[in-house]
Protein chains: 2
Amino acid sequence: MAPRNQLRLRRSSTSDRDESGRGRIIRAAARLFREKGFRATTVRELAEAAGMQSGSLFYFFPSKQDILLAVMEQGMAEVHASVAAAKEGRAPAASFRAMVRRHLEGILEEDSDHMAVMLYETRSLPAGAGKQVLKMRRDYEALWEAQIEALIQQGRWCHPREPRLSRLALMGALNWSVQWYRPQRGDTPARLAATLCALFLREPA
Amino acid sequence: MAPRNQLRLRRSSTSDRDESGRGRIIRAAARLFREKGFRATTVRELAEAAGMQSGSLFYFFPSKQDILLAVMEQGMAEVHASVAAAKEGRAPAASFRAMVRRHLEGILEEDSDHMAVMLYETRSLPAGAGKQVLKMRRDYEALWEAQIEALIQQGRWCHPREPRLSRLALMGALNWSVQWYRPQRGDTPARLAATLCALFLREPA
DNA sequence: AACTTTACCTAGCAAGCGCTTGGTGGAGTG
DNA sequence: CACTCCACCAAGCGCTTGCTAGGTAAAGTT
C-alpha cells in the first residue's frame, strides 16, 4: 500500500490563479461545475479541460469533492477581499454601491465562476464537509449585514427594521442574476449593480 | 424489439396528487430532487421512496428525465394557478401581497417541493427538452411583470422604472428563501411574505 | 554522479448507474 | 370460465463512474 496522496499535497505555494496543475484544475472545475453542476461533471471531462489525464487529478487532490471545496474556497476568498476593499473609506451609500458592484462582478464576469459554484452547489457537499467554507460565508454575510445597519442608521435603507431579512432579500436579488444574466445583451455587471441599488436605497432626506 | 414504453403511458387521468403509482413517484421525486438534486438521486432511491422496485418506474415514465419534467410541470401549474387566483378582485397592492404570499407558500411549505425543483434544476434538462415548462415559466413571469406595472402606475412600487429588472430582483429575493428558510424558527411563509412586501412596496401618497 | 522529488501518464478495477426484459397475480370483461 | 389488461416485480445487462496502482521522464538537490 503506497503512502496516501494527501501526505504529498501542496497547499498553493503562490496563488492558485497560476498555470500550475492545481490552478488549471480549479479553473476548469469552476467553469464546468457552474455550467453542468458538480455531479454532472465527470473527472474525465474535468481532466480534459485541465489538459491532463483523469488519473492525474488525484495527484493534486484526494477526491473530486476536494476539488469542489477548493473552487468554493477560492471564490469566497476573492469576492470577500474585493467587497471588503470596496467598503473602506467611503460614505455608507457610496460604499454600498461599490460593494454591490464588486459582488456582481464576482459572480457574473467571465472566468468568475468560483463564487457562483459556491452559491449553488452547497448541497453537493456532505453534511460535515466544508466547515472552512461555511465560516467564510458567514463572515461575508456579516460584512453585508453591518453595511445595511449603517445605512439604516443614516435613514438610507428602504426598510428600517429587519436587517437580517433585508440582507437575505438583497442577496437573493443579487445572486439570482446568475440564473438569468447573459453578458451579450449589452449589459454589464456594473450597470446592473447601479439599477439594483436603486431598488434598495432611499434618497437622502 | 418490444413496443416503446411511451405508447402505453397514461396522462394523469384524475390529478397526479393522488395515490396512484404516477402520483407517488412524482411526489417522492419532488422531495428527493429538491433535497439531493436530480443527478445525485438514483432511480433506486426514488423507487424505494415511492414504494416500488426500480424497474417499475419505467412502466410509468420513459426515463428519469421525464420524471423531472413531470415534477416541474406540476409545480409550475399549481403555483401559477394559486398566484393567478390571488391576483383577482383586489386593489393592486393587496393583490401583490396575496401573490407574494402564495408564491412563498408554493415554494416553502411542506410537500411543496415541486416548484423549488423547477427553480433550481433547470440545467439538469438538456438544451432542447422542457419547452412546455419553459413556456409555463414565461407566462408566470409575465403575470408578475404585469402586476409590477400596475403598481408603478399607482405610484406604489419602490422603483418607478425598469419593471423587468424589478421583477427579476423580486423573484430573486423570493426564490432565494429556498436556500435559507427553515420552518422551525417560528417563521411562516405568510409572515415572511408580509415583511418582504414592505421592501418593495411604497406607501400610498 | 547519485539520489530524490515533482508532475504527470497508462491501464484498469469495483461499484453503481439508468434502463430493459420477461414475467405474474389480481381485477375487470364477455 | 376464458381472456385481457393493468400495475407492478425480479433479475440483470452494458456502460460509466470515481478512484487506484504502478510507472517514468525531467528537474532539483547533495
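Per chain, numbering begins at 1; letters A, B, ... match sequence-line order.
A tilted orientation is assigned to the rings of H80(A) and Y140(A), their planes being inclined by 30° to 60°.
Between the P atom of dA25(D) and the OH atom of Y59(A) lies a distance of 17 Å, rounded to the nearest Å. Between K36(B) atom NZ and dG16(C) atom P there is a gap of 13 Å when expressed in whole angstrom units. In this structure, the CG atom of L68(B) is 12 Å from the P atom of dC19(C), given to the nearest Å. The interatomic distance linking L57(B) (CG) with dT20(C) (P) rounds to 12 Å, in whole Å. Straight-line distance from the CD1 atom of I67(A) to the P atom of dG18(D): 10 Å, rounded to whole Å. In this structure, E48(B) places its CD atom 14 Å from P of dG18(C), rounding to the nearest Å. Distance K64(B) NZ to dT20(C) P: 14 Å, rounded to the nearest Å. Atom CE in M52(B) sits about 17 Å away from atom C1' in dG18(C), given to the nearest Å.
Aromatic pair W176(A)/Y181(A): ring centres not closer than 6.0 Å.
Cation-pi geometry between K64(A) and F38(A) is met: the NZ or CZ atom falls under 6.0 Å from the ring centre, inside 45° of the normal.
Nucleic acid contact for Q53(B): sugar-phosphate only, since backbone atoms but no base atoms lie under 4.0 Å from a heavy atom of the residue. When heavy atoms are screened at a 4.0 angstrom cut-off, S54(A) is found touching base atoms of the nucleic acid.
When distances are taken from the side chain of F60(A) to each of dG18(D), dG18(C), dC8(C), the shortest belongs to dC8(C). For F58(B), whose side chain is taken as the heavy atoms from C-beta onward, the closest listed nucleotide among dT17(D), dC19(C), dC9(D) is dC19(C).
Atoms CE and CD, on M118(B) and E73(B) in that order, are 10.5 Å from each other to the nearest 0.5 Å.
The phosphate of dA7(C) has neither OP1 nor OP2 within less than 4.0 Å of any side-chain N or O from S56(A).
Nearest-nucleotide assignment on DNA chain D puts the 5′-proximal partner with A40(A), out of G55(A) and A40(A).
Remark: the R44(A) side chain and the dG18(D) base include a donor-acceptor N/O pair separated by less than 3.5 Å.
Residues S56(A) and Q53(A) have side chains that never bring a donor and an acceptor to within less than 3.5 angstrom of each other.
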